[in-house]
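So you know, we letter chains A, B, ... as the sequences are listed, proteins then strands, and number each from 1.
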Number of protein chains: 2
Amino acid sequence: MTEPKAPPEPSAREQRRLQMADIARLAGVSVSTVSRALNGSELINAETRQRIAELARSLNYSINLGARNLRLQENKTVAVVVPYDRQSRQHISDPFFLSIVGSIADALTDRGYDMLLSRVDAEHLDLSAGWFDSGKAIGVVLIGQWRHHDQLNEMAARKLPLVVWGGEMPQQLYASVGGDNVLGGTLAARHLLQSGRRRIAFVGDARLPEVWLRRQGYAQALREAGLAVDPGLEVAAPFEPGLAAGVLERFCAARQDFDAVVCCSDVQALLTIQALRAAGRSVPGDVAVTGYDDMALAAYCDPPLTTVHQPVAEAGAELVEALLAQMRGERTGPRTLPVYLKLRASAPDGAR
Amino acid sequence: MTEPKAPPEPSAREQRRLQMADIARLAGVSVSTVSRALNGSELINAETRQRIAELARSLNYSINLGARNLRLQENKTVAVVVPYDRQSRQHISDPFFLSIVGSIADALTDRGYDMLLSRVDAEHLDLSAGWFDSGKAIGVVLIGQWRHHDQLNEMAARKLPLVVWGGEMPQQLYASVGGDNVLGGTLAARHLLQSGRRRIAFVGDARLPEVWLRRQGYAQALREAGLAVDPGLEVAAPFEPGLAAGVLERFCAARQDFDAVVCCSDVQALLTIQALRAAGRSVPGDVAVTGYDDMALAAYCDPPLTTVHQPVAEAGAELVEALLAQMRGERTGPRTLPVYLKLRASAPDGAR
DNA sequence: GTGAAAGCGCTAACAA
DNA sequence: TTGTTAGCGCTTTCAC
């Protein structure tokens with residue numbers, strides 16, 4: 001009457017997954033007793049509890065979490081979504097994104113949550129709501145706002161538990177956590193100015209909120225120094241290494257009238273250095289270059305990168321905390337974490 | 001009588017998650033009809049089906065997958081487990097591991113599976129069986145064998161659906177997918193020999209199966225050239241950048257009697273180059289260095305790395321296929337994918 | 001073409 | 001201290 005599909009055919013290979021009733025039968029008790037024992041209930045005789053626990057362990061039995069969650073109406077899974085650019089079909093290869101994912105994985109593990117990792121087309125960030133709607137996850141952590149601030153606002157309006165790694169934007173309805181992008185841009189540019197550079201290029205796609213904010217910081221530092229932003233020195237390179245390389249090579253081949261570059265990722269910085277050398281210019285001699293992120297390898301590049309350090313280690317915990325707070329019903333606004341400039345050789349201190 | 005916890009208190013914030021019964025009521029049909037409609041059953045009147053589908057969409061209703069899976073006795077989730085070294089408390093930061101995770105994510109998505117990502121103590125790889133035992137995942141993909149080949153064999157003996165990224169070992173009971181490590185080691189060493197190097201160091205922790213195999217390839221190339229392996233030129237550096245740096249610096253400071261280095265990751269290669277320069281030696285002038293993995297940045301380092309290219313893009317699909325084949329009851333042995341040497345400047349062609 | 005009802009594996013209120 | 005039983009949200013057989 002209700003038999004699903006064919007008879008529960010144990011498929012020869014997998015000998016029907018064990019369940020509580022089996023343990024109960026083997027232990028000569030009822031399933032409730034097993035359930036209570038395995039959940040450490042005080043009601044159960046300590047000795048019985050022990051015996052059942054051992055039996056379960058010896059058979060590698062583990063409570064079916066799907067059934068348990070259904071009954072308990074709870075779920076300890078969080079979806080982490082990394083957008084990708086459908087156009088370029090590029091995989092996420094930027095070490096920064098992957099580090100953030102690692103950091104979130106740690107934070108979730110610490111708090112007893114599981115992490116569902118998925119990709120989503122950067123043009124349809126709202127698709128990530130499916131994880132929540134289908135009950136697979138209790139909330140969504142999205143890495144980056146990309147170009148769809150609007151979709152994120154709509155998701156938040158739906159009361160979807162959502163936290164975004166990214167910059168704080170005007171009229172933002174969703175919770176976000178991110179480094180202080182304006183400050184990062186300012187720190188990089190100001191450092192270059194203080195070390196005597198005057199013609200400072202900016203590398204990054206300002207359609208992305210984070211980059212847009214960094215550019216503001218950069219522009220502000222120039223203003224402080226009484227300099228104007230030269231639009232000709234803005235290079236809209238994307239984060240994907242494969243795409244950025246060409247753009248940067250062309251730029252460095254075409255123009256030589258700058259003595260410093262502020263980049264929006266360490267990868268971009270490395271590509272810029274590469275392009276500069278190909279164009280016959282030295283780093284930091286002719287051109288000083290700053291990166292962004294302070295990825296693990298930044299210290300070991302040649303030259304080691306002066307870069308804006310992002311709080312990756314803290315990021316995971318902050319994102320997870322923001323999500324949990326939201327689910328507790330707390331109102332969580334955007335959160336901006338401090339960043340600092342890590343001085344290394346690609347943009348050294350002092351005059352040249 | 002069976003009310004779980006407190007009354008289903010909609011927690012003020014989240015207005016009780018919608019369910020099929022709600023859609024049914026709103027559409028004036030039974031839940032069976034909604035179920036059939038949403039699953040595209042031919043039984044349902046096309047118009048009714050359409051109407052229900054639209055209603056569901058407009059309310060952002062999505063079938064509760066937990067309940068569905070329980071009833072259907074199916075699950076489309078695969079656990080991907082990345083071991084970490086508890087000793088060093090180091091996060092996985094090697095771009096290679098993270099790229100593999102990305103590749104698997106793509107392969108799973110393509111086949112309609114979800115990916116559960118987690119960490120496990122590298123000393124207790126067998127803990128990852130919990131994902132299967134608890135029914136959260138239908139199988140496990142483990143990144144790397146680390147030092148517990150034995151635990152993996154035990155897991156396989158339990159008929160646990162498991163695939164490991166790693167090298168093919170003697171007496172291996174579990175399914176694995178990996179690059180051809182012996183060949184990789186041979187290609188690197190042979191190339192260095194052909195370009196005139198004679199004193200070739202090896203960097204990598206040979207307690208890890210993959211490294212062990214690469215070292216075999218390296219040793220074989222030396223033998224072919226009539227050279228003996230000098231144990232003093234073997235550096236047991238781990239993959240973690242933070243730990244490897246010190247080891248390599250000490251080695252390069254202590255010994256100068258080598259003219260080439262075979263490394264087991266690109267990160268190690270960069271650290272080696274750094275250490276060599278600190279010791280006053282040039283790359284590739286004094287010492288040629290080969291990397292391993294051919295990560296995205298390898299081409300943009302200075303000097304660009306000559307490195308063994310690993311089939312990362314294919315890796316995800318191969319791992320997933322192996323897992324699915326296993327669940328179909330097919331016997332899947334170890335699988336070795338081709339690798340090739342990518343020539344770049346850190347170990348150039350021809351004599352010096 | 002649609003509805004009623006059973007049951008997937010589990011938990012907990014209630015009874016004993 | 002333990003067992004009986006209802007039901008979490010869904011699918012599907014069977015009846016209409």
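- For the pair A:L70 and A:S32, nearest-nucleotide mapping onto DNA chain D gives the more 5' position to A:S32.
- Under the 4.0 Å criterion applied to side-chain N and carboxylate O atoms, B:R86 and B:E123 are not assigned as salt-bridge partners.
- Between the CD1 atom of A:I52 and the C1' atom of D:dT2 there is a distance of 10 Å, given to the nearest Å.
- Atom CD of A:E74 is separated from atom P of C:dG9 by 20 Å (rounded to the nearest Å).
- In this structure, A:L72 atom CG and D:dG7 atom P are separated by 17 Å, rounded to whole Å.
- Across all strands, B:N69 comes closer than 4.0 Å to no nucleic acid atom at all (heavy-atom distances).
- Taking atom CZ of residue A:R49 and atom C1' of nucleotide D:dT2, one finds them 14 Å apart after rounding to whole Å.
- Checking D:dT11, D:dG3, D:dC8 against every side-chain atom of A:S30, the shortest atom distance belongs to D:dG3.
- Using a 4.0 Å heavy-atom cutoff across all strands shown, B:T33 reaches sugar-phosphate atoms only and no base atom.
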Start with the C-alpha gap between A:L160 and B:N60, add the side-chain angles, then the distance that decides, and say whether side chain to side chain contact (heavy atoms under 4.5 Å, CB included) holds. CA-CA 11 Å; A:L160 188 106; B:N60 290 313; over 6 Å; no

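- Taking atom CZ of residue A:R51 and atom P of nucleotide D:dT1, one finds them 15 Å apart after rounding to whole Å.
- Sorted by first then second residue, the side chain to side chain donor-acceptor pair (under 3.5 Å) pairs that include residues 34-45 of chain B, not counting sequence neighbours, are B:N39-B:R68.
- Between B:R158 and B:D133, at least one side-chain nitrogen of the basic residue sits less than 4.0 Å from a carboxylate oxygen of the acidic one, meeting the salt-bridge criterion.
- Closest to the side chain of B:I63, from the set D:dC10, D:dT2, C:dT2, is D:dC10.
- Picking from C:dT11, C:dT2, D:dT11 the nucleotide with the shortest atom distance to the side chain of A:R68 gives C:dT11.
- The phosphate of D:dG9 (OP1 or OP2) has no side-chain N or O of B:Y61 nearer than 4.0 angstrom.
- Each end of the helix from C:dG1-D:dC16 to C:dA16-D:dT1 gets its own axis, taken as the rotation carrying the C1' atoms of four end pairs onto the next four within a five-pair window, and the two axes meet at 40° to the nearest 10 degrees.
- B:N39 has a side-chain polar atom (N or O) that falls below the 4.0 Å cut-off from OP1 or OP2 of D:dT11.
- When heavy atoms are screened at a 4.0 angstrom cut-off, B:L43 is found touching base atoms of the nucleic acid.
- Applying the side-chain hydrogen bond (donor to acceptor under 3.5 Å, both in side chains) rule to A:N64 yields no partners; only residues at least two apart in sequence or on another chain are considered.
- The side chain of B:R71 has D:dG9 as its nearest neighbour among C:dC10, D:dT1, D:dG9.
- When distances are taken from the side chain of A:Q73 to each of D:dT11, D:dC8, C:dG3, the shortest belongs to D:dC8.
- Rounding to whole angstrom units, CG of residue B:D22 and C1' of D:dC10 are separated by 13 Å.
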Would you check, one step at a time, whether the test side chain to side chain contact (heavy atoms under 4.5 Å, CB included) holds for B:L59 with B:L26? CA-CA 11 Å; B:L59 297 172; B:L26 264 43; 3.6 Å; yes

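- Closest contact between the side chain of B:Q19 and the listed nucleotides D:dT12, D:dC10, C:dC10 involves D:dC10.
- For A:E42 and C:dA12, the CD to P distance is 15 Å, given to the nearest whole Å.
- Only one option out of A:L142, A:L125, A:V164, A:I143 pairs with A:V81 in a side-chain contact (heavy atoms from CB on, under 4.5 Å); it is A:L142.
- Atom CG of A:N75 is separated from atom C1' of C:dC10 by 15 Å (rounded to the nearest Å).
- Looking at the side chain of B:N45, the nearest of the listed nucleotides C:dG9, D:dT2, C:dG1 is C:dG1.
- Under 4.0 angstrom from either OP1 or OP2 of D:dT12 there lies no side-chain N or O belonging to B:S35.
- Closest to the A:R36 side chain, of the nucleotides D:dT12, D:dG7, D:dT4, is D:dT4.
- A 4.5 Å side-chain heavy-atom check between B:L116 and B:W131 finds at least one atom pair inside the cut-off.
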